[in-house]
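Below you'll find the structure, written out as structure tokens, and then a few comments.
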Amino acid sequence: MKFLFIVQGEGRGHFTQAITLEEMLLRNGHEVVEVLVGKSSTRTLPGFFNRSIHAPVKRFISPNFLPTADNKRANLTKSVAYNLLRLPEYLRSMYYINQRIRETGAEVVINFYELLTGLTYALFRPSVPYICVGHQYLFLHRDFEFPDKNSCQLWMLRFFTRMTALRSSKKLALSFLEMEQDDMNQIVTVPPLIRPEVTAIRPEEGDYIHGYMVNSGFADSVENFHAKHPGLPLTFFWDRSDAEEVTRIDETLSFHQIDDVKFLNAMAGCKAYASTAGFESICEAMYLGKPVLMVPAHIEQDCNAYDAMKAGAGIICDSFDLQPLLRFAGEYTPNRHFVYWVRSCERRMIRELEKPAASHSEITSIPTFTNYLPI
């Protein structure tokens with residue numbers, strides 16, 4: 001079959017998921033005809049994605065979340081106002097997405113949590129069925145357990161997630177653990193999409209802390225910790241577009257532009273991992289047996305961190321104070337069941353993607369207002 005990918009351009013996880021799924025599809029005789037990636041003024045397309053993806057890549061303007069003044073968490077009010085002003089641009093993007101679906105001859109569209117995919121299907125109603133892939137679809141699963149956070153923000157998160165999946169055939173929810181299929185919400189849980197480079201690498205226990213921050217404002221708290229513990233080596237990656245490839249503070253602290261080969265090598269050799277609770281890198285750390293400190297940057301990552309903590313991945317903090325991580329690392333036991341779950345991913349993913357979508361028109365009606373009542 002011919003697949004077309006539509007990828008949200010925020011963070012690192014959606015890119016690595018798209019790369020991994022493309023490799024799986026190619027190994028099983030399928031074709032990815034094109035990859036459409038949402039872009040914004042605050043994010044750049046990482047070089048590793050262009051180097052690793054085989055299909056042609058095209059960009060379109062997409063909504064994004066704006067950070068707070070300290071560049072740590074997302075500013076929801078500012079983000080909503082900013083994106084409302086850019087509605088004409090997003091309408092043009094939806095027209096473009098619909099055009100690419102028709103012109104590429106795609107038989108199935110895979111949506112990696114891009115909002116405009118759902119809105120395109122609601123507005124233009126392409127005849128090609130589409131499937132949503134992402135851990136965020138767990139938030140719609142009847143059995144998912146949420147952290148004790150702001151109920152309004154949780155409602156907005158679920159609402160946003162539903163908007164990305166309007167008229168979809170099914171939702172493949174990437175999960176730390178296997179859960180029962182949720183037929184009412186058309187959700188099937190599947191293992192995380194972890195790349196062969198991760199599963200093939202041999203982990204070792206080094207003496208340094210490896211880290212990743214989606215918003216560079218967290219660098220201040222890393223440097224504050226480093227000032228108190230200068231002898232502990234720290235190797236952090238960030239998405240700061242105006243920084244050099246390597247920003248070296250001193251002999252034991254450096255910040256690096258995101259590069260997947262360097263990132264994975266650093267992950268494999270670290271003592272422990274600290275991050276802003278992105279799903280993908282937490283999964284990589286769990287697979288390689290690394291204890292994790294999670295510092296959520298927005299409500300979605302609050303949910304990721306809580307779910308990962310229940311799965312035994314690590315601990316949650318509100319800053320990059322790494323002392324609790326060092327204590328946790330001393331008592332951490334890797335989750336071997338997670339490794340077996342990940343290794344079943346390709347079989348499960350291909351089975352779900354190859355199922356016929358003949359009933360697409362019957363199961364993809366637009367949700368009613370009752371779907372959006374608070375959880």
Side-chain angles (χ1 to χ4, degrees), residues 11-13 16-17 73 113 133-151 153-158 160-161 171-182 185 187-194 198 203 210-212 214 267 270 272-345 348 374-375:
R12 170 180 171 269
T16 59
Q17 290 164 15
R73 294 186 69 91
Y113 206 58
V133 174
H135 73 278
Q136 294 92 340
Y137 299 105
L138 270 184
F139 305 154
L140 305 180
H141 195 287
R142 64 172 184 266
D143 295 328
F144 185 79
E145 186 178 340
F146 287 90
D148 184 18
K149 294 293 180 180
N150 184 289
S151 59
Q153 289 187 0
L154 290 173
W155 180 87
M156 290 177 67
L157 174 63
R158 286 163 59 89
F160 182 92
T161 301
K171 308 169 191 74
L172 301 183
L174 308 179
S175 175
F176 296 116
L177 302 169
E178 186 172 8
M179 298 170 66
E180 287 188 8
Q181 182 168 318
D182 184 346
N185 293 302
I187 298 172
V188 179
T189 59
V190 291
L193 283 162
I194 293 183
V198 179
H210 170 48
Y212 171 70
V214 69
M267 176 78 82
C270 71
Y273 176 61
S275 88
T276 42
F279 175 81
E280 196 68 16
S281 64
I282 294 173
C283 290
E284 292 169 351
M286 287 181 69
Y287 190 90
L288 295 173
K290 306 296 182 179
V292 183
L293 171 78
M294 296 165 282
V295 185
H298 47 70
I299 186 64
E300 177 191 320
Q301 292 183 347
D302 286 322
C303 298
N304 293 349
Y306 184 70
D307 198 30
M309 182 183 68
K310 290 195 304 168
I315 57 176
I316 303 170
C317 289
D318 57 6
S319 72
F320 280 94
D321 176 1
L322 304 178
Q323 204 63 44
L325 175 60
L326 295 173
R327 289 195 294 269
F328 176 75
E331 58 191 35
Y332 172 73
T333 301
N335 184 343
R336 298 304 302 172
H337 293 292
F338 179 77
V339 174
Y340 304 139
W341 170 237
V342 168
R343 288 176 179 171
S344 71
C345 181
R348 294 170 184 267
I375 59 173

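Keep in mind the model is a prediction, meaning the values are calculated, not measured.
When every heavy atom of Q153 is checked against every heavy atom of N150, the shortest pair comes out as N-OD1, 2.9 Å. Here the closest non-hydrogen pair linking I194 and V198 is CG2-CB, 3.5 Å. Nearest approach of C345 to L193, heavy atoms of both residues: SG-CD2, 3.8 Å. Heavy-atom minimum distance, D302 versus P147: O-CG, 3.9 Å.
The aromatic rings of Y332 and F328 sit tilted relative to each other, their planes meeting at an angle between 30° and 60°.
Taking the six-membered ring for Trp and the full ring otherwise, the centers of Y137 and F144 sit at least 6.0 Å from each other.
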Inset, instruction - Verify side-chain contact (heavy atoms from CB on, under 4.5 Å) between F176 and W341, making sure each step is shown before the conclusion. - result: CA-CA 8 Å; F176 296 116; W341 170 237; 5.9 Å; no
Inset, instruction - Check the pair M179, L138 against side-chain contact (heavy atoms from CB on, under 4.5 Å), reporting the backbone distance first and the verdict last. - result: CA-CA 10 Å; M179 298 170 66; L138 270 184; 3.6 Å; yes
Inset, instruction - Would you please test R158 and L140 for side-chain contact (heavy atoms from CB on, under 4.5 Å) and show each step? - result: CA-CA 7 Å; R158 286 163 59 89; L140 305 180; 4.2 Å; yes
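Judged as a side-chain hydrogen bond (donor to acceptor under 3.5 Å, both in side chains), and not counting sequence neighbours, the contacts of Q136 are E300. Listed by chain and residue number, R142, N185 satisfy the side-chain hydrogen bond (donor to acceptor under 3.5 Å, both in side chains) test with D182 (two or more places apart in sequence, or in another chain). For F338, there are no ring pair (Phe, Tyr, Trp, His ring centres under 6.0 Å) partners at least two apart in sequence or on another chain. Evaluation of the salt bridge (charged side-chain N to carboxylate O under 4.0 Å, His left out) rule for R348 yields E178 as partners, not counting sequence neighbours. Under the rule for a salt bridge (charged side-chain N to carboxylate O under 4.0 Å, His left out), K149 has no partner lying at least two apart in sequence or in another chain. In this structure, the ring pair (Phe, Tyr, Trp, His ring centres under 6.0 Å) partners of F320, at least two apart in sequence or on a different chain, are F218, F236.
In this structure, the separation between CD1 on I299 and CZ on F139 is 8.5 Å, given to the nearest 0.5 Å. Atom CG of L177 is separated from atom CG of D307 by 7.0 Å, given to the nearest 0.5 angstrom.
A distance-only check finds a donor-acceptor pair linking the side chain of N335 to the backbone of A311 [under 3.5 Å]. Within the 3.5 Å criterion, the main-chain N or O of G278 finds no donor-acceptor partner in the side chain of H135.
Residues C317 and L325 form no side-chain contact, since every pair of their non-hydrogen atoms from C-beta on lies 4.5 Å or further apart. Counting heavy atoms from C-beta on, the side chains of P296 and N304 never come closer than 4.5 Å.
Taking a 6.0 Å sphere around CD of Q181, one finds it holds more than 12 heavy atoms contributed by other residues, nucleotides or ligands.
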Using residues 280-295 as the side-chain source, report each donor-acceptor pair under 3.5 Å to any protein atom, sequence neighbours left out, with the distance given to one decimal.
residue: E280; atom: OE1; partner: Q17; partner atom: NE2; Å: 3.0
residue: S281; atom: OG; partner: Y273; partner atom: OH; Å: 2.7
residue: E284; atom: OE1; partner: R12; partner atom: NH1; Å: 3.3
residue: E284; atom: OE1; partner: R12; partner atom: NH2; Å: 3.0
residue: E284; atom: OE2; partner: R12; partner atom: NH2; Å: 3.1
residue: Y287; atom: OH; partner: R343; partner atom: NE; Å: 3.1
residue: K290; atom: NZ; partner: E204; partner atom: O; Å: 2.5
residue: K290; atom: NZ; partner: A268; partner atom: O; Å: 3.1
residue: K290; atom: NZ; partner: C270; partner atom: O; Å: 2.8

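Sorted pairs that involve residues 314-332 and meet salt bridge (charged side-chain N to carboxylate O under 4.0 Å, His left out), not counting sequence neighbours, are lacking altogether.
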